[in-house]
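Keep in mind that what you see is a predicted model, and the values were worked out from it rather than measured.
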Amino acid sequence: VATANLTGEQLRVLMCLLSREADGTIGMWQREIAEMLGIKEPNVSRSIKALMKAEILSEKVTAGHQDIPIFKLNPAFEKQA
């Protein structure tokens, strides 16, 4: 994370996602993140894209409960965390 040059907002989104992490998997709506952090949904979307570009997260498409987007932590990041 230290070498990813993330903004404060991107780090806040990451911490929010990590609060829901279970076995390297996170299921959460962007709207929910925006409400929890008091930021706009487009900012959440940009932050998630930055986290994916930094290879901290990868998105996994799911047809699970209410089609909640599922994010997976990069195993290398997970070991360091």
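The heavy-atom pair separating Val13 from Ser47 by the smallest distance is CG2-CB, 3.7 Å. Of all the heavy atoms in Leu6 and Ala54, the pair that sits closest is CD2-CB, 4.4 Å. Minimum heavy-atom separation, Ile39 to Glu9: CG2-OE2, 3.5 Å.
Between Trp29 and Pro69, some side-chain heavy-atom pair lies under the 4.5 Å cut-off.
Within the model, atoms CD of Gln30 and SG of Cys16 stand 11.5 Å from one another, a figure rounded to the nearest 0.5 Å. The distance from the CD atom of Glu32 to the CG atom of Leu37 is 10.5 Å, given to the nearest 0.5 Å. The CG atom of Asn43 lies 11.0 Å from the CD1 atom of Ile48; values are rounded to the nearest 0.5 Å. To the nearest 0.5 Å, atoms CG (Leu14) and OG (Ser19) are separated by 10.0 Å. Put simply, CG on Leu73 and CG on Asp23 are 10.5 Å apart, with the number rounded to the nearest 0.5 Å. Separating the CD1 atom in Ile56 from the CD atom in Gln10 is a distance of 9.0 Å, to the nearest 0.5 Å.
At most 12 non-hydrogen atoms from other residues, nucleotides or ligands lie less than 6.0 angstrom from CD of Glu55.
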